[in-house]
Amino acid sequence: MSERTFIAIKPDGVKRNLVGRIITKFEDKGYKIIGLKLLIPTMEHAEKHYFEHKGKPFYPRLIKYITSGPIVAMVLEGDNVIAESRRLMGATKPEEAEAGTIRFEYAIAKEYNIIHGSDSPESAEREIAIYFKEEELCSDWTTMLESIMSDG
Ligand code: IDP
Ligand code: MG
């Protein structure tokens, strides 16, 4: 079933010039990009985004980290994109991430793990609304993969 998810390349990913390489992985897999922008998250973005972690010991550092520079915010659309993009990202702790995943390849610590992806349809909807207005999303186009699939 086609779903939408919110992905963000975090400030460490942007500062390490990994934007192109990370976006390529999602494009190669065939997901459709329907929202894309660079922004420095405000405190309001950060607190809304990570409200579930409020009160945890790492929360203040997490807020400082996510507001420390630009992120690349993206909305992707595709079948099972929520779970599959989490798989492509790899586990939160880079040492537990499977070989070939984004976090295995690039992340060095669980605090600075390069990328965020929604973990459920509910969080996807909530997170997309934090960073994008509906009119900023552009899903009215056809990817090559979609045209190939509709041929058969
Ligand atoms: P996720 O990003 O894989 O969904 P979450 O558990 O939702 O992982 O944590 C959100 C973010 O908070 C992580 O990506 C990481 O940046 C940070 N974080 C999570 N656990 C820890 C921790 O134990 N210490 C420091 N930072 C953490
Ligand atoms: Mg999470």
Side-chain angles (χ1 to χ4, degrees), residues 1-134 136-139 143 145:
M1 199 191 66
S2 186
E3 301 174 328
R4 288 177 176 187
T5 194
F6 175 72
I7 302 288
I9 303 173
K10 294 176 174 179
D12 52 336
V14 176
K15 289 174 186 169
R16 287 174 56 196
N17 296 346
L18 297 174
V19 170
R21 275 170 275 185
I22 292 173
I23 293 179
T24 296
K25 287 186 189 278
F26 293 105
E27 285 193 303
D28 284 351
K29 180 73 188 172
Y31 298 126
K32 180 174 174 178
I33 300 174
I34 63 162
L36 183 66
K37 64 175 149 185
L38 182 87
L39 77 150
I40 300 181
T42 60
M43 280 302 282
E44 192 186 343
H45 285 123
E47 285 171 358
K48 283 188 181 162
H49 184 160
Y50 284 122
F51 85 101
E52 65 175 319
H53 296 300
K54 196 168 177 147
K56 295 186 184 165
F58 62 84
Y59 180 77
R61 272 213 318 267
L62 175 58
I63 297 298
K64 197 169 163 203
Y65 161 46
I66 204 72
T67 56
S68 68
I71 66 166
V72 173
M74 279 184 276
V75 179
L76 303 181
E77 202 173 72
D79 286 343
N80 297 316
V81 68
I82 299 173
E84 283 181 11
S85 59
R86 293 275 298 184
R87 219 171 132 202
L88 197 55
M89 283 164 47
T92 310
K93 296 180 184 171
E95 68 271 24
E96 290 172 6
E98 297 278 338
T101 63
I102 294 166
R103 283 168 169 170
F104 176 87
E105 286 187 23
Y106 301 122
I108 37 181
K110 66 175 179 257
E111 286 94 335
Y112 305 110
N113 57 10
I114 306 281
I115 189 158
H116 167 83
S118 308
D119 62 9
S120 67
E122 296 71 35
S123 15
E125 199 183 327
R126 198 181 63 76
E127 291 166 3
I128 291 168
I130 297 171
Y131 292 95
F132 289 91
K133 299 190 184 102
E134 186 59 36
E136 290 178 299
L137 302 178
C138 176
S139 80
T143 64
L145 190 63

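We're numbering straight along the sequence, starting at 1. Heavy-atom basis, side chains included; hydrogens, waters and symmetry copies ignored. Ligands are counted one by one from 1 in listed order, and the atoms in each one are counted from 1 as well.
- In the candidate list Tyr59, Phe58, Tyr65, Phe58 is nearest to atom 20 (N) of ligand 1, counting heavy atoms.
- For ligand 1, the atoms sitting less than 4.0 Å from at least one non-hydrogen atom of Tyr50 are 10 (C), numbered in the order shown with element in parentheses.
- By heavy-atom distance, the residue among His116, Arg103, Arg86 lying nearest atom 4 (O) of ligand 1 is Arg86.
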Would you mind writing out the side-chain donor-acceptor pairs for residues 63-78 within the sub-3.5 Å range, not counting sequence neighbours?
{"from": "Tyr65", "atom 1": "OH", "to": "Asp12", "atom 2": "OD1", "distance (Å)": "2.7"}
{"from": "Tyr65", "atom 1": "OH", "to": "Asp12", "atom 2": "OD2", "distance (Å)": "3.3"}
{"from": "Tyr65", "atom 1": "OH", "to": "Asn113", "atom 2": "N", "distance (Å)": "3.4"}
{"from": "Thr67", "atom 1": "OG1", "to": "Ile63", "atom 2": "O", "distance (Å)": "2.8"}
{"from": "Thr67", "atom 1": "OG1", "to": "Lys64", "atom 2": "O", "distance (Å)": "3.3"}
{"from": "Ser68", "atom 1": "OG", "to": "Tyr65", "atom 2": "O", "distance (Å)": "2.6"}
{"from": "Glu77", "atom 1": "OE2", "to": "Arg4", "atom 2": "NE", "distance (Å)": "3.0"}

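- The closest approach between a heavy atom of Tyr112 and any atom of ligand 1 is not below 4.0 Å.
- For residues 19-46, every residue pair satisfying the ring pair (Phe, Tyr, Trp, His ring centres under 6.0 Å) rule, not counting sequence neighbours, is listed here: His45-Tyr131.
- The shortest separation from a heavy atom of Leu62 to ligand 1 is under 4.0 Å, placing the residue in contact.
- When atom types are taken as modelled, the side chain of Arg103 and the backbone of Glu98 share no donor-acceptor pair closer than 3.5 angstrom.
- One finds no salt bridge joining Glu105 and Arg21 here, because no Lys/Arg side-chain nitrogen approaches an Asp/Glu carboxylate oxygen to under 4.0 Å.
- Annotation for Glu125: atom CD does not count as buried by contact number, only 12 or fewer foreign heavy atoms lying within 6.0 Å.
- By heavy-atom distance, the residue among Glu52, Lys110, Arg61 lying nearest atom 15 (C) of ligand 1 is Lys110.
- With His53, Met89, Lys56 as candidates, the residue nearest to atom 10 (C) of ligand 1 on a non-hydrogen basis is His53.
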